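Please read all numbers here as calculations on a predicted model, not as lab measurements.
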Amino acid sequence: MKTDVLNTAVPALAVMIGGLLPTLLATLRGRPAGRLAGLIVTGPLVTLALVLLAAAYGRPAYLDVALVLALLSFAGSLVFARFLSRTL
């Protein structure tokens, strides 16, 4: 049973990491609006990757980390959007 979950989680993680690279580049480089878009997309991708890791390895602690990351990434994007609105 555990190997079935692991066999499906590894390709899903590879796809998510492939999708994560452009969002990280957009967050690290570019104009402020592009950085905000990268930040907004990166949070859920990393959260889903942590949920997949929790399912693959049977570690419920990863779910706690994913929940905290989801809340913090949402709050962080709101703070960055408010800061961005002041500068425009």
K.L.:
Hey, which of Val46, Ile40, Leu45 is the one that makes side-chain contact (heavy atoms from CB on, under 4.5 Å) with Thr42?
P.N.:
Val46
K.L.:
With rounding to the nearest 0.5 Å, note down the distance linking CG in Leu20 to CG in Leu24.
P.N.:
4.0 Å
K.L.:
Residues two or more places apart in sequence or in another chain: which of them pass side-chain contact (heavy atoms from CB on, under 4.5 Å) with Ala66?
P.N.:
Thr47, Leu50, Val51
K.L.:
Check Leu39 against Ser77 and note the closest heavy-atom contact, atom names and distance.
P.N.:
CD2-CA, 3.8 Å
K.L.:
Identify the two heavy atoms, one from Ala49 and one from Leu13, that lie closest to each other, and give their separation to 0.1 Å.
P.N.:
O-CD2, 3.6 Å
K.L.:
Could you pull out the closest heavy-atom pair between Ala26 and Gly38, with the gap in Å?
P.N.:
CB-CA, 4.3 Å
K.L.:
If you group Ile, Leu, Val, Met, Phe, Trp and Tyr by side-chain heavy-atom gaps below 4.5 Å, do Tyr57 and Leu69 land in one group?
P.N.:
yes
K.L.:
Evaluate the side-chain proximity of Met16 to Leu48: yes if any heavy-atom separation is below 4.5 Å, no if none is.
P.N.:
yes
K.L.:
According to the side chain to side chain donor-acceptor pair (under 3.5 Å) rule, which pairs have a member within residues 25-35, sequence neighbours left out?
P.N.:
none
K.L.:
Can you pull out every side chain to side chain donor-acceptor pair (under 3.5 Å) where at least one residue sits in residues 62-71? Sequence neighbours excluded, please.
P.N.:
none
